[in-house]
Amino acid sequence: MFLANAKVDSVTQIGTNVFLLKLQSDKIAANAKPGQFVNIKVSNSNFPLLRRPFSICNVEGDYFTIMFTSVGEGTLVLQKKQKGEFVDVMGSAGNGFSLDGNYEKAIIVAGGIGAAPFPFLIKELEKIGKEIICFSGGRTKNDCITYEMKNVSTATDDGSFGFKGTVVELLSSEIARYKNERIKIFGCGPNAMLKSLQQFCFTRNIEAEISTESSMACGFGICQGCPVQSATDKNKFLLVCKDGPVFNVKDIELP
Amino acid sequence: MFLANAKVDSVTQIGTNVFLLKLQSDKIAANAKPGQFVNIKVSNSNFPLLRRPFSICNVEGDYFTIMFTSVGEGTLVLQKKQKGEFVDVMGSAGNGFSLDGNYEKAIIVAGGIGAAPFPFLIKELEKIGKEIICFSGGRTKNDCITYEMKNVSTATDDGSFGFKGTVVELLSSEIARYKNERIKIFGCGPNAMLKSLQQFCFTRNIEAEISTESSMACGFGICQGCPVQSATDKNKFLLVCKDGPVFNVKDIELP
Amino acid sequence: MSAVDLSVSVGPLKLRNPILLASGTVGYGNEISEFIDLNKIGGIVTKSLSLKPRKGNTPQRVIETPSGMLNAIGLANIGVEEFLKTKIPFLKKFDTKIICNIAASSVEEYVECTKLLTDEDTISAFEINVSCPNVKEGGLEFGNDKKAVAKITEEVKKVSTKPVFIKLSPNVSRISEFALAAKEAGADAVSAINTLVGTAFDIMTRKPKIKNITGGLSGPAIKPVALAKVLEIRRNVDIPIIGIGGIFSWQDAVEFMIAGASAFQLGTVNFVHPNISETMINDLILYCEKMKIASLKNLTGSFIL
Amino acid sequence: MSAVDLSVSVGPLKLRNPILLASGTVGYGNEISEFIDLNKIGGIVTKSLSLKPRKGNTPQRVIETPSGMLNAIGLANIGVEEFLKTKIPFLKKFDTKIICNIAASSVEEYVECTKLLTDEDTISAFEINVSCPNVKEGGLEFGNDKKAVAKITEEVKKVSTKPVFIKLSPNVSRISEFALAAKEAGADAVSAINTLVGTAFDIMTRKPKIKNITGGLSGPAIKPVALAKVLEIRRNVDIPIIGIGGIFSWQDAVEFMIAGASAFQLGTVNFVHPNISETMINDLILYCEKMKIASLKNLTGSFIL
Ligand SMILES: Cc1cc2nc3c(=O)[nH]c(=O)nc-3n(C[C@H](O)[C@H](O)[C@H](O)COP(=O)(O)OP(=O)(O)OC[C@H]3O[C@@H](n4cnc5c(N)ncnc54)[C@H](O)[C@@H]3O)c2cc1C
Ligand SMILES: Cc1cc2nc3c(=O)[nH]c(=O)nc-3n(C[C@H](O)[C@H](O)[C@H](O)COP(=O)(O)OP(=O)(O)OC[C@H]3O[C@@H](n4cnc5c(N)ncnc54)[C@H](O)[C@@H]3O)c2cc1C
Ligand SMILES: Cc1cc2nc3c(=O)[nH]c(=O)nc-3n(C[C@H](O)[C@H](O)[C@H](O)COP(=O)(O)O)c2cc1C
Ligand SMILES: Cc1cc2nc3c(=O)[nH]c(=O)nc-3n(C[C@H](O)[C@H](O)[C@H](O)COP(=O)(O)O)c2cc1C
Ligand code: FES
Ligand code: FES
């Protein structure tokens, strides 16, 4: 884990409220793994006070990218970053996705901005010869992100883009196709979606890893602010920032 | 007094640490008087929380300018303003200089950034046919501002620019020249300088108005945060923001 | 005209809407009336009045702190007599509730002030400041002493013909005990909170930045503390609460009502956004519409724990 | 090597410099050691330890507030036994002071914890947390009760072979009375302050943003309050003080020393700038040089009122 003074290369708007921030930091780029996140001090002032966590969306050479939606003060500041500015980044944090497992097809399931970690993951999965199938969902077309996804099917609550319904409903309706194949699911999105994805995987006994969210204060294990219930030990919380953000679906009980 | 959403026209650096911020607001420009100030909410956030007061440096058409040195968080934010941004300005506040009086020569005495209100004042004084003599002082050449001054003599503590000594010492050494003329002094600068200017005026019985500073919370008379001792009534404080910032030297006791 | 009913009551006092301007942050109403229409808000609370005029503390009196400010004005005010003579005529012109805040150094002085003011029709209620942290005599002592709070309340109630609100200090262990003391002594409501005691030093001169040494902390920094105090009172004592502390937006105000406030006061924010009390009205209506709240008063204490 | 002497003492405990990391904001030292050299700072205070492991509160546990944050971790910790077994071996490797913070729900539990830990050489002192606002049993109750504070201090002192610091709650009327109670019961120093009780509501769900309902407010927002508490203790009680609360820069730290602190703790800032404790060292040296302070300890209580 490092503290890096990363240089802003560009801020690009790729959707109604979806932005890519490309940053330069050789140290972070060299050490990043898909599913890990960076924790960004978006301003030099006390406003906002705490760092903001973002999945590493992609890595290229000395550069890495985050993908974000503007939801509050911190993301608003990020959205206004200018090329050449420096940003204080801590990373790469958390454990990331494990590419291991007995599968040939990787099924990516994204809900809204949960699409963020997948460009990087897809790249790494392709490197080791996995086949990629993507499902991306959102409330409306504007919330459904397919950036750098492969073989992607979409679902929207209002039917404005692809399947009408949730992304997990879409997945359910499609899963029969992969009945005789060795698959592994990689999911990321809001907790409600991850919960239904978890249920889906349990019912069908499919191997899956999910990237979770939690409010955080530190992002590296010292504040105990980001617990998630361990599924195996009732007396134990796991930390999203340190033990996660990626967990095997079997390991946690989502709130 | 108005709240105006003023549009940034330009930020210009005119000295080592001296900036001009030109803002567009017809309402404020139309109502401003020399010596008045504007109270600026420099950011949209709680950081900094309170408005920052700045003398109106000049007015042209729909535009007005402030001159500032970057000393802290608020002025740093101002320094970084971009053309086209909007800034929340309250103004024009305070009483301003009175141009009245029995004088033909206006003697301007500025200490450091105390030069700020004078371009506007000089313009207005010239309109009514007054002759202008300026004295400007600073610790070093970098702190001595002569922007848009007329007939200016300078003083620096280290002698790096003009007279070696304080601006009031310089004034003392020059005052004999105006012995038989009707003069009025207009002063602005740090309190220590204003105190010695006040003493200077008392000794020689010269009419003078000084623009004072105080920490402020509201800038328009509701917080009682900016008192200055009345010289005429021991039991009374005057408010810098409302009764000032310009006072007749005889009316206040500087701290 | 919106269908949403913004009117609220604080005990016997009916307000057009819950928006009040806090004592010491609105003077006697005249300066702020350049920015807002006083007829549109619930009311204003005057700067604390004492029997005799007070000059207040030597400057420096105010300093900014992270998301807040410290003040030690020292209850500078024109005194009851001057207030009646010069300020009431101005305030008379408005159709808004005038709540007269009184600060004193003895029970007798509180009573005396109340007597002098209570017959003035323009005044709708009293807010008794037992909690100003910046005055040497009285001030903190009263605010930290339940018996004193009860005594002041009782005596003021005896002579007042108007509702009496007690403004509580947050600088105590259990604010609800003070609310209870006030209630039992007859208070119609409590106002919570006044400022927190704080200080700041200049590291070059090693002197306090506030001449009075300590000052009162206000602004967004204290909002979480103020909300917790309001909630504590609400959960423990059955008395109307006026919520105060760090309200800078309509969202903050709604939080206070959810936590238990029947009305709220805007303080420090008036210095920064002097027109916010008026612009907030529409935001509150929109919120109620969105949340399908027919009457804003239903929000009071509507928290779900 | 600079000529400035940064070493300080907190009662009998000698520190290389006054920079300590606060309980609950540094875990047991391992994560933060990726960012700083623990050998360079004065020491670290462990997360509060209880006799048995504590799972802590149900999330959501943290939320940002203006210039601050609320937390209700609920003293989640691994318990004394596990600490001795798994954390001490790591901490042993460092030449820095390890101050063990203890939290308990009864006097007996405090004593028991101290007994189990006091023979461990790696531990240099105890900090007794009588003031955690986020735990139902004990917690606030102790912190608000002078007799309880005195009793805990006395009993812990009896069994401790190490200096004992009492960490005080700011949620009281007069913190100096608690400092005095601690002093009279034998405490070697007091740590001030713990967090202020605060809360926040979600205006859409009307639920508290922190599952525990209230949480502890920390960060720059509370700095003025913390400084005033340190000053109050300094001016009223002759006991060494460890200053805590909202320190985000070396300037803040200097303010605390001026106000009376012999050493200080960095809390919330570790979450944001985990390396600040180390970078601060040089800034303190430069300040001393500029101010011609030969020994940083001379700064303690050097305010000019
Ligand atoms: C491990 C991790 C990875 C993340 N990756 C991404 C990403 O790649 N792209 C992205 O856009 N966002 C991501 N998030 C969420 C992102 O951190 C928040 O959107 C961001 O912190 C909001 O900051 P803000 O100041 O703009 O909003 P705030 O003003 O802080 O909050 C605005 C709204 O966002 C919610 N929010 C704030 N923080 C979080 C959080 N940590 N998790 C969920 N909701 C939050 C608040 O409850 C509030 O409703 C991630 C979060 C975590 C924990
Ligand atoms: C009526 C009036 C007119 C002014 N006109 C001008 C002007 O034309 N140009 C200009 O550059 N400055 C002017 N000032 C001073 C200006 O307001 C401060 O420099 C500014 O508020 C500092 O803000 P900051 O956030 O950058 O600094 P902060 O971080 O707030 O403070 C940095 C330093 O500046 C000092 N400071 C802060 N506020 C004031 C203040 N109100 N007066 C004096 N010192 C202060 C602080 O004590 C500190 O040492 C004026 C002040 C007043 C009261
Ligand atoms: C400059 C200033 C002066 C104040 N004067 C008084 C006063 O005279 N009487 C009083 O009861 N409260 C006074 N207060 C306290 C406010 O009424 C309010 O309780 C406090 O500031 C918290 O609210 P806020 O955070 O919204 O400002 C004053 C506050 C400020 C900032
Ligand atoms: C997330 C968090 C957890 C904390 N846990 C403890 C604790 O276990 N024991 C304790 O004595 N103090 C605890 N504290 C209080 C801090 O040690 C410190 O007293 C307080 O945060 C004020 O300092 P700060 O503003 O620098 O953070 C905790 C604070 C935070 C923010
Ligand atoms: S965010 Fe601090 S422990 Fe996870
Ligand atoms: S700054 Fe508020 S009264 Fe002058």
Side-chain angles (χ1 to χ4, degrees), chain B residues 1-5 27 31 39-53 71-75 88-94 191 212-230 233-244 252-255, chain C residues 21-36 44 47-48 52-78 209-211 215 218-221 223 246 248-249 252 267-276 279:
Chain B
M1 188 110 62
F2 309 99
L3 284 175
N5 222 358
K27 277 204 293 186
N31 289 279
N39 213 0
I40 302 186
K41 182 74 181 88
V42 302
S43 69
N44 294 324
S45 75
N46 284 343
F47 187 84
L49 189 70
L50 300 173
R51 289 173 183 269
R52 298 291 189 259
V71 295
E73 295 146 353
T75 42
D88 175 354
V89 179
M90 181 194 290
S92 45
N191 274 335
T212 58
E213 269 197 20
S214 164
S215 47
M216 291 185 174
C218 73
F220 65 104
I222 60 169
C223 79
Q224 306 280 321
C226 61
V228 60
Q229 178 62 51
S230 158
D233 182 347
K234 286 292 136 232
N235 292 315
K236 199 170 155 189
F237 279 126
L238 297 166
L239 295 179
V240 170
C241 72
K242 217 186 137 182
D243 304 316
I252 56 167
E253 259 177 35
L254 286 163
Chain C
L21 305 188
S23 180
T25 67
V26 51
Y28 309 103
N30 42 328
E31 291 90 356
I32 203 129
S33 71
E34 287 195 48
F35 297 99
I36 54 162
I44 66 170
K47 174 78 191 161
S48 280
K52 299 281 161 240
R54 290 183 65 112
K55 194 181 169 194
N57 293 330
T58 310
Q60 178 164 353
R61 290 181 174 179
V62 292
I63 183 91
E64 184 164 330
T65 65
S67 296
M69 62 173 280
L70 288 168
N71 88 79
I73 308 299
L75 297 182
N77 81 90
I78 57 174
K209 289 188 178 170
I210 295 279
K211 184 75 181 168
S218 65
K223 194 189 75 166
F248 259 61
S249 66
D252 294 338
T268 304
V269 70
N270 292 316
F271 305 157
V272 187
H273 304 295
N275 59 347
I276 195 169
T279 59

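The two residues C:Thr25 and B:Ile222 make their nearest non-hydrogen contact at O-CD1, 3.0 Å. Heavy atoms only, all atoms of each residue included: B:Pro227 and C:Pro59 are closest at O-CG, 3.6 Å. Between C:Arg61 and B:Gly225, the shortest heavy-atom distance links the atoms CB-O, 3.8 Å. Among all heavy-atom pairs drawn from C:Phe271 and B:Ala217, the shortest one is CB-O, 3.6 Å.
Few gaps surround NZ on B:Lys27; more than 12 heavy atoms of other groups in view lie less than 6.0 Å from it. Within 6.0 Å of the CG atom in B:Asn44, the count of heavy atoms belonging to other residues, nucleotides or ligands does not exceed 12.
Side-chain atoms of B:Cys218 and C:Glu31, non-hydrogen and from C-beta on, never get closer than 4.5 Å to each other. Looking only at side-chain heavy atoms (C-beta outward), B:Leu49 and C:Pro220 come within less than 4.5 Å of each other.
Within the model, atoms CD of B:Gln224 and CG of C:Leu75 stand 11.0 Å from one another, a figure rounded to the nearest 0.5 Å.
Between chain B and the options C:Glu64, C:His273, C:Met69, the largest number of non-hydrogen pairs under 4.5 Å is found for C:Glu64. When the candidates B:Asn39, B:Asn46, B:Leu50 are compared by the number of heavy-atom contacts under 4.5 Å with chain C, B:Leu50 comes out ahead.
For chain C, the nearby parts of B:Phe220 are the backbone and the side chain; heavy atoms of each come within less than 4.5 Å. Using a 4.5 Å cut-off between heavy atoms, C:Asn270 contacts chain B through both its backbone and its side chain. With a 4.5 Å cut-off on non-hydrogen atoms, C:Val26 touches chain B through its backbone but not through its side chain. Of the atoms belonging to B:Pro255, not a single heavy atom falls under 4.5 Å from chain C. Proximity to chain C (any heavy atom under 4.5 Å) is restricted, for B:Gln229, to the side chain, taken from C-beta onward. Heavy atoms closer than 4.5 Å to chain C are found in the backbone of B:Lys236, but not in its side chain. For a residue to count as touching a neighbouring chain, one of its non-hydrogen atoms must lie under 4.5 Å from one of that chain's; by this rule B:Met216 touches chain C with the backbone only.
When the ring pair (Phe, Tyr, Trp, His ring centres under 6.0 Å) test is applied to C:Phe248, no partner is found at least two apart in sequence or on another chain.
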